[in-house]
Amino acid sequence: MTSTAPETQRGQDAGDPLGEQPTSWQRRLRRFGHVPRPETSLRDRLDPPWTRPGRQVWSVLAIPPHVADRLVRWSAWGGPLLVTLVAGLLRFWRLDQPNAVIFDETYYAKDAWALVNQGYEGSWPKDVDKLILKDPSSVPIPTDPGYVVHPPVGKWIIGFGEQLFGFTPFGWRFMVAVLGTISVLLLCRIGRRLFRSTFLGCLAGLLLAVDGLHFVMSRTALLDLIVMFFVLAAFGCLVVDRDRSRRRLADALPVDEEGVLRPDARIAETLRLGWRPWRLGAGVMLGLAFATKWNGLYVLAAFGLMTVLWDVGARRTAGAARPYMAVLRRDLTPAFLSTVPVAIVTYIVSWTGWIVTDKGYYRNWAATEGKGSSWSWLPDWLRSLWHYENQVYDFHVGLTSGHTYESNPWSWLVLGRPVSYFYEEQAGCKESSTGKCAAEVLAIGTPLLWWLACFALAYVVWRWLFRRDWRAGAIACGVAAGWVPWFFYQERTIFLFYAVVFVPFLCLAVTMLLGAIVGPAAGTGARADLGLTSKDPTGERRRTLGAIAAGVLVLLIIWNFIYFWPLYTGTSIPEDLWRDRMWLDTWV
């Protein structure tokens, strides 16, 4: 176990890189918990080392040091893969159940089947779901175009699973379950890089594996889990890009006669950071995100700003006197070109199936209703696509019809109004006092995890503002990018399951809080932040108590996931037990 704030990273982007005395505003913030940056080397501030676990555990287990070192190296991938295996087993267990078309699967499963077979979505007849479940081969794919309001990438992905396993519940849920499982691996590795700790990275992945909302969305053929996957992948790309660019900057700085890295204003302001493929990869991932659902556009804007501010922090730490001007001259244009245009091109390419056919909805608009437009010099397919997108935008902003399970984004973090995807009541249940059993799939997060995340987010914001911790700022950015935009559309019909996009960042926030509860390892600079020294025996007692408290919280979250398991999987239970799990009246 390690602290979430190792010595080498605490406040590395704040303050003057030359090690001068704290400014007046820093002194004023001390009353709120601001701690000046500890004295660390410039290289460690630009390229923090990885935390190595202590020897105490290996000593207790009587494991020789050379074997322990090998296990530590193995754990970098072995730990995340083990957590991912557990997550995959949970998500693929009875994936075909319930054997029904649940909630909005009625749209995406059928649209995906038409898309992968003919390149565009069809207009399906009503009440065809029962026929599909009974004998999908007997249901023809409609050739008349269907009006759809979401881009095609998510449906292409769902359709790939249908191509592999047929037009069945398992087929249309398969690829979503794959992405849900891989996202756990991604979060383990991202958390490991973010916190410089394999243990904390695996803890973040474990929390995601046992979150109810992520679990349910991983087993349902909807688009939001797919958006979450691409957003998380883009975030991971940007974190890797940050590490590599800062390492490149550190390697370019001069070293004095004692071998100590020194800041240099000229190098910090003029160095070109060169080819940055990971940032380009983030642009592709963000393009795929908003080519699945348009809310990915907000994430593109937020992450684009975040990565530019990271460059500002890097150049300031390296010694730049005017870091913003340096970034404006050297980094802003490459950052824009590697994200925004790349994402837009990715989005347009995702419509290839619609472009190459002449039967898609609005495909021939430019040659018919749009003929004679002042924009007629543009290709017909591009003008038709632009018109289609305008119509879709009008639909989304005008979607105000009431729904039983709609909710306000203010209530999401406390799980005010979850969404019931499937409910079936069975009579003749002898185990129930009412004589009935209930089977439900409820899209709701693991309550204890989400309620703890409310406190974790407050801690993250505090740490970002008063400790100047870039990791806390990155986590807050991820949550804000997926949550805040919905507040601008509160009159629109929206649902709690949209929040799955920022669930990984909630898990990172809880991990950071749990790491702080555990406390830093003995002999680290982070102990000074707690007012402890490596010789202080109270430090070990405090760390032991912190580890016990954090462990209890994690076990309670796992228990809570197990307790709500029947509501996540549609398992039939006596109605009495079902009502016991309705902790809030708004959950019914």
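Arg542 places a side-chain N or O within donor-acceptor distance of the main-chain N or O of Val518, the cut-off being under 3.5 Å. Judged purely by atom type and a 3.5 angstrom limit, Gln490 has no side-chain atom pairing as donor or acceptor with the backbone of Asn408. Side-chain atoms of Thr333 do not come within 3.5 Å of backbone N or O of Arg329 as any donor-acceptor pair. In terms of modelled atom types and a separation under 3.5 Å, the side chain of Lys155 and the main chain of His150 share a donor-acceptor contact. Judged purely by atom type and a 3.5 angstrom limit, Trp351 has no side-chain atom pairing as donor or acceptor with the backbone of Leu385. Proximity of a side-chain donor or acceptor of Thr446 to a complementary backbone N or O of Val210 within less than 3.5 Å is detected. Panel note: side chain Ser384, backbone Trp381; no donor-acceptor pair is recorded below 3.5 Å. No donor-acceptor pair closer than 3.5 Å links the side chain of Ser75 to the backbone N or O of Gly78. Between the side chain of Asp256 and the main chain of Val260, a donor-acceptor pair closer than 3.5 Å is present. At distances below 3.5 Å, not a single donor-acceptor pair connects side-chain atoms of Thr307 with backbone N or O atoms of Gly304.
Considering SG of Cys507 and CD1 of Ile557, their distance stands at 8.5 Å, rounded to 0.5 Å. Note that CD1 of Ile517 is 4.0 Å distant from CG of Leu513, once rounded to the nearest 0.5 Å. Between Asp224 atom CG and His214 atom NE2 the span is 12.0 Å, to the nearest 0.5 Å. Here the straight-line distance linking atom NE2 of His387 with atom CG of Leu382 works out to 13.5 Å at 0.5 Å rounding. Atom CD1 in Ile226 sits 13.5 Å away from atom CH2 in Trp156 (nearest 0.5 Å). Once rounded to the nearest 0.5 Å, the distance linking CH2 of Trp412 with CZ of Phe487 reads 7.5 Å.
Taking the centre and axis of the six-membered ring of Trp310, the NZ or CZ atom of Arg315 falls outside the cone set by 45° and 6.0 Å. With a 6.0 Å cutoff to the six-membered ring centre and a 45° limit on the axis angle, Lys293 counts as a cation-pi contact of Tyr498. A cation-pi arrangement is absent between Arg471 and Trp464, since the terminal nitrogen or guanidinium carbon is not both under 6.0 Å from the aromatic centre and inside a 45° cone about the axis.
When each of Arg330, Arg316, Arg279 is checked for a salt bridge (Lys or Arg N to Asp or Glu O under 4.0 Å) with Asp311, only Arg279 meets the rule.
Between Phe235 and Phe505, the gap from one ring centroid to the other is short of 6.0 Å. Aromatic pair Trp451/Phe455: ring centres not closer than 6.0 Å.
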I would like to know whether Arg196 and Asp243 meet salt bridge (Lys or Arg N to Asp or Glu O under 4.0 Å); could you show each step before the answer?
CA-CA 11 Å; Arg196 289 301 198 260; Asp243 281 354; 3.2 Å; yes
Begin from the C-alpha positions of Leu186 and Phe229 and carry the test side chain to side chain contact (heavy atoms under 4.5 Å, CB included) through to its verdict.
CA-CA 9 Å; Leu186 286 179; Phe229 174 82; 3.7 Å; yes
Pair Asp241-Arg276, salt bridge (Lys or Arg N to Asp or Glu O under 4.0 Å): steps then yes or no:
CA-CA 7 Å; Asp241 173 76; Arg276 300 172 71 166; 2.7 Å; yes
Side chain to side chain donor-acceptor pair (under 3.5 Å) evaluation trace for Thr317 with Arg45
CA-CA 8 Å; Thr317 302; Arg45 286 161 54 202; 4.7 Å; no
Please assess Trp486 against Tyr298 for the test side chain to side chain donor-acceptor pair (under 3.5 Å), listing each intermediate value before the final yes or no.
CA-CA 10 Å; Trp486 295 110; Tyr298 294 102; over 6 Å; no
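Around atom CZ of Arg322, no more than 12 heavy atoms belonging to other residues, nucleotides or ligands sit under 6.0 Å away.
Relative ring orientation between Trp354 and Tyr388 is described as tilted, the plane-to-plane angle lying within the 30° to 60° band. Phe502 and Trp450 have tilted rings, their planes meeting at an angle from 30° to 60° on a 0 to 90° scale.
Shortest non-hydrogen contact noted between Val500 and Leu213 is N-CD2, 3.8 Å. In plain terms, the two heavy atoms of Ala335 and Val308 that are nearest each other are CB-CG2, 4.0 Å. Contact record, Pro151 with Phe290: CG-O, 3.6 Å, taken as the closest heavy-atom pair.
Residues Leu506 and Leu449 are not in side-chain contact: their nearest non-hydrogen atoms beyond the backbone lie 4.5 Å or more apart.
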